[in-house]
Amino acid sequence: MNDLWGLHDDGFGDVARPSPIGPRGDGIPEHLLAGLNRPQREAVEHRGPALLIVAGAGSGKTRVLTHRVAGLLATREAWSSQILAITFTNKAAAEMRERVEHLVGEEARGMWIRTFHSACVRILRREAEEFGFKESFTIYDSGDVRALIKRLIKQRGADIQGLTPGSVSARISKLKNELHDVDSWARTVSLENPLDAAFLELWRDYDAELRRANAFDFDDLISQTVFLLRAFPRVAAQYRKRFRHILVDEYQDTNAAQYALIRELTKPVTRAELPELRGDLPGASLTVVGDSDQSIYAFRGADIRNITDFERDFHDARVIMLEQNYRSTQNILSAANAVIGNNFDRRAKNLWTDSGDGAKIIGFTGYSGHDEAQFVADEIVELTSGGSMSYSDVAVFYRTNAQTRALEEVLIRTAIPYKVIGGTKFYERAEIKDAMAYLITVANPDDALSLRRIMNVPKRGIGPATEAALQAHADEHRISLRDAMRRVDEIALGPKVAAAIKDLAALLDEFSARPEADPGEVLRELMSRSGYTDQLRRSPDPQDAARLENVEELVAVTREFRRQNPAATLLDFLTETSLVAAADELDDSGGQVSLMTLHTAKGLEFDAVFITGIEEELLPHRMAAQEPGGEAEERRLFYVGITRARQRLHLSLAMTRAQFGEVNPAAPSRYLEEIPAGLIDWRTPPSTMRAPSGQRAVGRWRDEPRESFVTGYRDSPKPLPKAPKKEFANMITEVRDNSAMVLEPGDRIRHKDFGEGRVQAVTGLDKKRVAEVLFDGAGRKRLLIKIAPIEKLSP
DNA sequence: AGTGAGATAATTTTT
DNA sequence: TTATCTCACT
């Protein structure tokens with residue numbers, strides 16, 4: 001049913017069936033058209049080679065897309081196996097499949113609804129042998145890539161030239177997204193430049209390492225698929241013949257490689273390529289949905305021209321605009337329109353709704369990020385206390401992951417359940433990477449990176465020197481590192497080390513020989529027989545107990561995977577886990593507030609939205625503001641955030657922002673001024689705020705000339721009070737445990753920040769006891785008694 | 001080979 | 001602030 005794991009049949013078989021009759025959109029059953037507005041209906045009904053649906057935020061594009069697909073199936077214009085729908089996240093794919101199934105039932109089986117990356121993995125696995133890879137290839141995530149490049153840089157001593165893992169991997173990624181390969185790029189660049197020359201060497205090494213490890217990086221998945229289709233016309237023809245309808249969501253975020261992939265797949269098929277055809281076949285019908293105002297992935301190579309030039313690129317293209325918004329109130333839309341209107345160079349578009357103005361946008365300026373977080377928490381309590389809104393209807397957005405700290409602190413203290421979407425992901429934890437590395441090594445014995453990771457984890461006495469000896473042996477005999485381990489007798493090593501190596505190799509080989517085994521069982525056995533779990537269990541470090549739990553959690557995840565996909569292999573599991581996106585983690589059922597970056601927020605919607613940290617240097621981010629087009633992209637990011645809100649929108653900022661321990665002044669974002677003043681109800685507007693020292697807040701507001709203000713600030717750099725207070729606060733948080741404190745309604749207490757107040761009510765049990773306190777100065781707050789910085793005053 | 005103290009570098013967004 | 005790296009010591 002729910003195909004999150006996407007393991008549907010490959011069904012190349014039914015391509016041979018006679019093609020259904022089409023193309024005729026007018027036979028679409030009425031229930032698929034009912035309730036659609038005019039342009040939406042047109043978008044569902046239109047038939048032709050190319051269709052661009054310009055879908056403003058909240059304009060019902062998912063609905064249009066699903067109904068369009070359902071229409072194709074219901075009228076028998078297409079078999080499900082002839083449809084390829086591409087989304088950006090697995091969650092979006094699963095949702096789309098579910099909705100189409102809901103509309104047409106069983107008919108939906110066999111459709112390819114997947115992300116670019118997972119569709120490409122599918123193709124690459126099937127055709128791997130064709131061009132010199134093994135079907136068992138594994139996928140390197142950005143952490144793996146970094147680690148690998150770091151080693152290569154060190155090996156070559158290239159670090160002295162200022163090449164860092166970050167810069168090299170970013171550059172390789174960018175070039176791959178532009179469909180360059182090492183050789184083609186080498187021809188275009190002058191090697192006079194020593195930096196380019198060094199980079200080229202590294203890239204060559206890197207690709208060689210990947211190939212040797214039978215692995216692809218994220219960017220390879222797309223570009224290699226394109227190369228494959230170009231190099232093997234017969235293979236390409238099979239896919240072109242199969243997919244008669246291709247639909248692409250979030251088209252504005254496609255990069256050059258993804259564009260090329262679409263192009264390849266939509267080319268006509270001739271009998272010359274595929275003799276069994278009765279006649280030539282026109283290219284697949286292409287439908288793309290997108291909104292150039294929501295293009296926020298330029299840093300990842302997304303090219304806005306893909307959507308702006310669509311009509312020129314694809315012949316006979318039809319363009320349909322969806323502008324009526326069904327999500328947000330008019331106030332929210334007006335703010336969004338005003339902000340995005342400052343981006344020149346865009347097709348004019350105006351979102352509107354007929355559902356009324358709604359509440360005003362609420363603005364807040366805090367003294368610090370902490371203060372701002374407190375505002376967020378207070379508002380969430382307010383919104384959810386009436387019972388009209390639940391925690392899962394609320395989301396908090398921020399530009400950088402680092403901003404979560406203050407928010408989490410306050411939310412915990414206020415006992416508001418929350419979930420951070422993305423950020424430090426489960427799969428990025430060291431112990432999870434270790435466990436995954438064991439699995440990868442089993443599935444893909446050539447993967448030296450994973451093997452190196454686990455070689456001495458847990459400690460087996462295989463140190464760097466031994467590893468180097470193994471590697472040297474492997475290089476000398478042109479065998480893999482794994483083979484070198486098997487042939488450890490050929491190397492002069494101590495008997496203890498040699499035995500450890502042999503044991504490990506034997507353990508891994510045992511499971512490599514059973515690729516069809518239950519992944520959950522494999523993992524459990526690997527963890528216990530390798531000594532990994534024992535090592536954690538015996539450790540006195542309390543953190544290791546948590547790590548052990550995480551490993552057990554992974555085993556449970558693996559088991560669940562197998563339960564849902566009984567035929568799934570270890571390789572299937574690894575593929576799926578390497579392609580999970582942040583948004584996939586969202587669990588609608590949980591009663592939790594969602595915290596996420598503005599990037600992750602795209603495609604989602606919530607009743608109430610908080611956008612935090614709307615400050616210069618943060619939004620626009622200082623790094624992005626430098627890049628060409630960066631300022632406009634950051635504005636789009638803000639726009640995306642605003643348009644996620646259905647009912648309530650909160651915009652907040654702080655006058656000081658702490659980053660790596662240091663407190664810095666912050667100025668209101670330039671984008672804030674772009675929202676008409678009448679739309680925002682400022683609790684505390686930026687202009688009236690004073691710095692804690694009594695000095696005027698940093699930055700400018702409205703009429704104030706920016707230049708003079710900034711200069712003015714520089715002239716009197718006044719350090720903010722911090723040092724002693726901070727130390728104190730830290731000590732307190734570590735030692736504090738108020739669980740013994742008994743509070744009852746009517747008690748007087750004193751809070752570190754809020755001053756004195758009277759307890760109104762106490763709810764919850766044990767560690768989760770929450771006191772509702774009416775403070776004399778700070779109003780009503782909810783506090784988690786166990787950890788709140790409070791003391792009870794004698795009555 | 002393994003450990004730990006102390007230095008030091010890094011933080012934009014992500015499939 | 002945190003994660004990672006280096007180097008000296010066991």
Side-chain angles (χ1 to χ4, degrees), chain A residues 86-93 114-121 139-143 145-147 150 154 159 164-167 169-170 173 176-177 216-223 250 253-255 257-258 295-302 397-406 409 421-425 428-430 455-467 493-494 496-497 500 577-584 596-603 613 617-627 630 633-634 636-638 640-641 657-663 726 730:
Chain A
I86 297 178
T87 61
F88 251 72
T89 64
N90 293 302
K91 185 177 158 77
R114 10 189 77 235
T115 62
F116 268 109
H117 291 87
S118 80
C120 286
V121 169
I139 302 159
Y140 280 13
D141 68 21
S142 30
V145 169
R146 266 185 103 89
K150 192 170 185 178
K154 209 166 186 180
D159 44 341
T164 65
S167 67
S169 67
S173 167
K176 285 187 174 178
N177 280 329
F216 290 108
D217 64 27
F218 273 130
D219 308 305
D220 284 335
L221 295 178
I222 316 286
S223 57
E250 309 281 16
D253 285 329
T254 51
N255 59 36
Q258 290 162 335
S295 162
I296 54 173
Y297 282 107
F299 72 90
R300 202 165 79 189
F397 302 155
Y398 37 81
R399 177 66 233 269
T400 68
N401 282 306
Q403 287 167 253
T404 48
R405 190 161 309 138
E409 256 174 57
I421 313 295
T424 37
K425 278 173 264 165
E428 277 168 16
R429 291 167 183 275
M455 186 109 66
N456 202 29
V457 180
K459 303 263 182 294
R460 305 184 167 87
I462 311 176
T466 311
E467 188 194 304
L493 286 172
K496 248 176 135 175
V497 188
T577 44
S578 11
L579 300 178
V580 286
D584 298 339
M596 68 189 85
T597 65
L598 285 162
H599 281 89
T600 305
K602 193 181 61 153
E617 311 283 88
L618 214 47
L619 189 75
H621 195 277
R622 72 164 73 76
M623 297 296 170
Q626 321 277 348
E627 286 153 27
E633 174 142 324
E634 296 285 299
R636 289 195 290 270
L637 201 48
F638 188 34
V640 165
R657 184 69 56 185
Q659 52 178 352
F660 34 16
E662 228 181 339
V663 180
K726 230 175 68 184
N730 277 348

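Just so we're on the same page: letters track the sequence lines, and every chain starts at 1.
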Engineer: Just checking A:Ala465: base, sugar-phosphate only, or nothing, at a heavy-atom cut-off of under 4.0 Å?
Structural biologist: sugar-phosphate
Engineer: Want to settle it: does A:Gln258 or A:Thr164 sit nearer the 5' end of DNA chain B, counting the closest nucleotide to each?
Structural biologist: A:Thr164
Engineer: Ignoring the backbone of A:Arg300, work out which of B:dT11, B:dG2, B:dT15 is nearest its side chain.
Structural biologist: B:dT15
Engineer: Using the rule side chain to side chain contact (heavy atoms under 4.5 Å, CB included), only one of A:Ile86, A:Ile222, A:Asp253 pairs with A:Gln258; which is it?
Structural biologist: A:Ile222
Engineer: Nearest to the side chain of A:Glu627, which nucleotide is it out of C:dT1, B:dT15, B:dT12?
Structural biologist: B:dT12
Engineer: So if I take every side-chain heavy atom of A:Thr597 and compare against C:dT1, B:dT13, B:dT12, which nucleotide ends up nearest?
Structural biologist: B:dT13
Engineer: Please determine, for the side chain of A:Arg399, which listed nucleotide (B:dT11, B:dT12, B:dT15) has the closest atom?
Structural biologist: B:dT12
Engineer: To the closest 0.5 Å, what do you measure between OG1 (A:Thr254) and CZ (A:Phe88)?
Structural biologist: 6.5 Å
Engineer: When we call it a touch if two heavy atoms are under 4.0 Å apart, what does A:Glu250 touch: a base, just sugar-phosphate, or nothing?
Structural biologist: nothing
Engineer: Nearest to the side chain of A:Pro464 - B:dT12, B:dT14, B:dA1?
Structural biologist: B:dA1
Engineer: Would A:Phe299 pass as stacked on B:dT13, i.e. its ring centre under 5.5 Å from the base's six-membered ring centre and planes under 30° apart?
Structural biologist: yes
Engineer: Considering heavy-atom distances to DNA chain B, does A:His621 or A:Gly461 have its closest nucleotide positioned more toward the 5' end?
Structural biologist: A:Gly461
Engineer: State whether A:Lys602 and A:Glu250 are salt-bridged, where the test is any N-O pair (Lys NZ or Arg NE/NH1/NH2 against Asp/Glu carboxylate O) under 4.0 Å.
Structural biologist: yes
Engineer: Classify A:Phe116 by what it touches in the nucleic acid, base, sugar-phosphate, or nothing, heavy-atom distance under 4.0 Å.
Structural biologist: nothing
Engineer: Of the nucleotides B:dT11, B:dT15, B:dA1, which has the atom closest to the A:Thr466 side chain?
Structural biologist: B:dA1
Engineer: Using the side-chain heavy atoms of A:His117, tell me which of these nucleotides is nearest: B:dT15, C:dT1, B:dT13.
Structural biologist: B:dT15
Engineer: Look at all strands and tell whether A:Ser118 reaches a base, only sugar-phosphate, or nothing, counting heavy atoms closer than 4.0 Å.
Structural biologist: nothing
Engineer: Under a 3.5 Å cutoff on both atom distances, Watson-Crick or G-U, what's the dot-bracket for DNA chain C ([ ] crossing, | other strand)?
Structural biologist: ||||||||||
Engineer: With a 4.0 Å cut-off on heavy atoms, is A:Asp219 in touch with a base, just the backbone sugar-phosphate, or nothing at all?
Structural biologist: nothing
Engineer: Can you tell me which nucleotide in B:dT14, B:dG2, B:dT12 comes closest to the side chain of A:Asn401?
Structural biologist: B:dT14
Engineer: Is there side-chain contact between A:Ile296 and A:Leu598, with at least one heavy-atom pair below 4.5 Å?
Structural biologist: no
Engineer: If I pick the C1' atom on C:dT6 and the same atom on B:dT11, what distance separates them, to the nearest angstrom?
Structural biologist: 22 Å
